[in-house]
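Below is one structure, written out as structure tokens, with a few remarks after it.
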Amino acid sequence: MKDEIFNSLQKASLKISPEFAGSFQVTKPQDSQHGDWSSNIALIMAKEMKKNPRELAVEIISALEGLDYSEKIEVAGAGFINIYLKEDLFFSQIRNYALGDFKGLLQEKEPKKILLEYVSSNPTGPIHVGHGRSAAFGSALANLLKVAGNKVTQEYYVNDRGLQAKTLGLSVFIRMQELDNKKIVLPEDCYAGEYIKDLATKAKKHFKGKYLVKKDDNLFFETLNEWFEYVDATYENFLELANYVIELQTEEIKKDLEVFQVKYDNWFNESSLYEKDLIQKSIKNLKNNEVEKKDGALWFKSTNYGDEKDRVLIRDNEEPTYFASDIAYHKDKYDRDFDEIINIWGADHHGYIPRVKASIESLGLDAKKLKTLLIQFVSLKEKGQKVQMSTRSGEFVELSDLVDEVGIDSARYYFLARKPEQALEFDIDLAKKTNKDNHVYYIQYAHARICSIKKELKKRKIDFNLKESLEKLSLLKETEKEIISLVNGYPEILEQCYKNNELHPLCFYLRDLSSKFHSFYNAEKIISDNKDYSDAKIALSIAIKEIINNGLNILGIGCPEKM
RNA sequence: CUCCCGGUAGCUCAGCUGGAUAGAGCAUCUGCCUUCUAAGCAGAGGGUCGCAGGUUCGAAUCCUGCCCGGGAGGCCA
């Protein structure tokens with residue numbers, strides 16, 4: 001519809017001025033007084049042609065062809081062209097929605113194979129609330145991309161090796177000694193969280209006495225390195241323990257995410273890149289003259305592509321950097337032949353983007369395929385107070401704790417209802433409420449109320465035929481038809497979300513729609529003795545219910561029939 | 001010092017690819033339940049869109065400078 005209007009306007013404009021190439025818009029006006037559709041084309045053209053916008057608007061309208069479905073077209077305000085639809089067309093979309101038909105509502109013209117990587121937090125500890133935001137966002141975005149007809153692969157990159165994995169192994173090792181009734185002192189850089197003790201308990205059981213030191217061993221090392229020297233000297237393959245706990249912790253993460261309605265198609269282990277020797281191979285694929293040895297290390301000249309400084313690939317101790325793995329990982333993503341590759345990263349990684357882009361270009365790959373979305377931080381507020389969180393002490397609130405506290409639906413909604421580039425202050429008290437203050441309850445309540453109207457029909461044995469009732473929508477009062485305008489705006493909201501990779505407009509829309517419904521519901525009884533009018537109101541309600549259901553599904557939020 | 005994000009009502013935020021009178025929710029105040037869920041509804045007050053310039057018929061929106069808050073600038077990941 002929007003496209004048709006756009007094209008008609010464009011044709012008309014070209015008749016008047018063949019060179020006109022300005023970008024004008026066709027929008028749904030906020031105020032329904034301004035028609036069903038509105039365009040600023042005359043204002044844009046007037047600028048180019050230095051003519052009076054209102055006069056130009058009249059010219060454009062008289063040159064318009066093919067808008068059979070318009071009831072009237074007016075010039076208003078500074079020179080807006082407002083289009084009012086014929087009544088039957090006005091009702092055509094809502095009929096489909098009421099029947100639960102959302103096909104083609106959002107359709108990518110050229111469906112793509114898309115790789116969506118998100119969260120990918122280190123398996124050295126549990127998922128915390130910050131990751132939760134990415135998780136909610138990524139999974140909902142995946143739903144949206146799929147609705148548009150794309151094939152989406154959701155992936156989690158597991159950093160299951162390197163120094164941090166070994167440090168985790170050591171942290172668990174030390175706690176195991178504690179479980180074995182030794183006095184221990186945890187070095188500063190070890191992981192200190194409570195979950196380490198759980199891992200230690202499991203590891204102790206699993207290894208049946210292995211990795212428990214003898215009584216006469218000295219256990220009072222102060223630094224990580226001293227500890228590493230000790231365990232490497234004592235055990236043939238200390239990484240066996242590290243790998244075991246990394247695996248345990250990854251499983252924990254997987255569990256937390258699944259509970260949170262986040263399911264991946266693929267868990268990609270960093271270690272697999274090493275097993276296939278892909279680090280070395282991808283480095284060789286970088287442009288030869290952009291890799292050089294200096295100060296004992298191997299460097300990549302990312303400054304050639306605008307990065308602030310060159311980056312190390314292989315350290316002087318011959319250990320590849322995280323960046324080197326990441327080059328191999330991205331090379332692998334490209335090799336898997338996706339049309340689009342989306343990374344969702346925490347905003348703290350923004351400085352990392354130029355070097356990754358640089359490496360992709362140096363590999364001779366199309367950097368435009370890769371899109372990185374950044375998500376800002378999450379802070380928590382409870383009883384008016386900020387909940388303190390700090391990286392150093394490991395005092396992050398775990399996602400699972402938040403979910404236990406406020407529920408999955410609330411948590412997902414409030415993560416999604418804020419645009420990603422905005423830091424999010426999560427109000428725990430608000431998210432816990434079970435009244436209208438809590439938007440997710442408010443939306444779900446609207447849905448449940450409509451379901452209960454349907455039940456009431458059955459209970460009272462009232463004959464209701466949806467298809468027939470949908471032909472009676474014109475009986476609605478003018479104020480009630482305004483809701484239909486809002487309903488008709490659903491595709492534009494989805495389109496906006498899709499185009500901009502955002503979900504918050506959908507959240508706001510659903511709340512808005514619910515609000516309009518609650519007013520409608522409260523104004524007077526939906527079910528009444530005035531059969532035809534009653535049918536029309538029920539049909540409208542059902543359309544709203546279906547949209548709420550459709551929207552909440554995309555957001556990954558439950559949609560109860562009864563509350 | 002450089003880069004990124006934010007600054008809109010008392011609070012939390014939409015609006016930002018230039019358009020019509022700057023919008024919601026919360027909080028505050030006033031009303032509404034014998035009848036489909038009051039887990040709700042109706043109404044009222046509340047604004048220097050951080051500041052200063054600029055571009056334009058038109059700026060919260062675009063450009064420049066500055067101020068404030070948060071984040072990033074490892075041979076950590």
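Only heavy atoms go into these numbers, but all of them, side chains included; no hydrogens, no water, no symmetry mates. Nothing here was measured: the structure is a model prediction, and the numbers come from that model.
Note on K454(A): nothing from the nucleic acid sits closer than 4.0 angstrom, heavy atoms only. Using a 4.0 Å heavy-atom criterion, one finds that D189(A) contacts no nucleic acid atom at all. Within the 4.0 angstrom heavy-atom criterion, no nucleotide atom of any strand lies near E319(A). Here Q496(A) lies out of heavy-atom contact (under 4.0 Å) with every strand. Looking at heavy-atom distances under 4.0 Å, H34(A) makes contact with a base. S38(A) comes within 4.0 angstrom of a nucleotide base, judged by non-hydrogen atoms across all strands. Residue contacts for K499(A): at a heavy-atom cut-off of 4.0 Å it reaches a base atom on one of the strands shown. Within 4.0 Å (heavy atoms only), A417(A) reaches no atom of the nucleic acid at all.
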Quick one: what's the B/S/- string for nucleotides 23-28 of chain B, heavy-atom cutoff under 4.0 Å, read 5' to 3'? --SSS-
Nucleotide by nucleotide, 5' to 3', does protein get under 4.0 Å of the base (B), only the sugar-phosphate (S), or neither (-) in nucleotides 70-77 of chain B, counting heavy atoms? -BSSSBSB
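Ring-plane geometry between F426(A) and Y414(A) is classed as perpendicular, the angle between the planes exceeding 60 degrees on a 0 to 90 degree scale with a lower cut at 30. Under the 30°/60° scheme for interplanar angles, the aromatic rings of H349(A) and W345(A) are found to be tilted.
Remark: Y521(A) is not in phosphate contact with U35(B), judged by side-chain N or O atoms under 4.0 Å from OP1 or OP2. Contact check, K419(A) against C5(B): no side-chain N or O comes under 4.0 Å of OP1 or OP2. Within the 4.0 Å cut-off from OP1 or OP2 of U35(B), not a single side-chain nitrogen or oxygen of K525(A) is found.
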List, with names and distances, any nitrogen or oxygen atoms from the protein found under 3.5 Å away from nitrogen or oxygen atoms belonging to nucleotides 54-62 of chain B.
{"from": "G58(B)", "atom 1": "O6", "to": "K47(A)", "atom 2": "NZ", "distance (Å)": "2.6"}

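Within the structure, the side chain to side chain donor-acceptor pair (under 3.5 Å) test picks out the following pairs touching residues 313-322 of chain A (sequence neighbours left out): R161(A)-E319(A).
Once the 5.5 Å centre distance and the 30° plane angle are applied, the aromatic ring of F80(A) is found stacked with the base of A20(B).
The two atoms that bring S121(A) and I253(A) nearest to each other are OG-CD1, 4.2 Å, heavy atoms only.
Counting to the nearest Å, the P atom of C13(B) and the CZ atom of F426(A) are 13 Å from each other. Atom CG of D535(A) and atom C1' of C36(B) are 14 Å apart (whole Å).
Nucleotides U28(B) and C16(B) are separated by 31 Å at their C1' atoms, to the nearest Å. Atom P of A24(B) sits at a distance of 12 Å from the matching atom of A42(B), rounded to the whole Å. G58(B) and G65(B) have their P atoms separated by 24 Å, with the value rounded to a whole Å. Rounded to a whole angstrom, the distance from the C1' atom of U21(B) to that of U2(B) is 43 Å.
In this view, E524(A) and K477(A), Y533(A), K537(A) satisfy the side chain to side chain donor-acceptor pair (under 3.5 Å) rule, not counting sequence neighbours.
With its glycosidic angle more than 90° from 0, C62(B) is assigned anti.
Of the candidates G15(B), C13(B), A39(B), the closest approach to any side-chain atom of R418(A) belongs to C13(B). Closest contact between the side chain of S452(A) and the listed nucleotides U37(B), G18(B), C41(B) involves U37(B).
Under the 6.0 Å cut-off for aromatic ring centres, Y490(A) and Y509(A) qualify, their centroids lying closer than that. The six-membered or imidazole ring of Y521(A) lies near that of F517(A), with a centre-to-centre distance under 6.0 Å.
Taking the side chain as every heavy atom from C-beta outward, I283(A) and I314(A) approach each other to under 4.5 Å.
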Let me see the working for E425(A) and K386(A) under side-chain contact (heavy atoms from CB on, under 4.5 Å), right down to the final yes or no. CA-CA 9 Å; E425(A) 188 176 49; K386(A) 266 209 161 183; 3.7 Å; yes
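H330(A) and N343(A) form a side-chain donor-acceptor contact under 3.5 Å, judged by distance and modelled atom types alone. Checked by atom type, the side-chain pair Q164(A)/T124(A) shows no donor-acceptor distance below 3.5 Å.
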Dot-bracket for RNA chain B, 5' to 3', Watson-Crick and G-U pairs with both distances under 3.5 Å, [ ] for crossing pairs, | for partner on another strand, reads (((((((..((((.....[...)))).(((((.......))))).....(((((..]....))))))))))))....
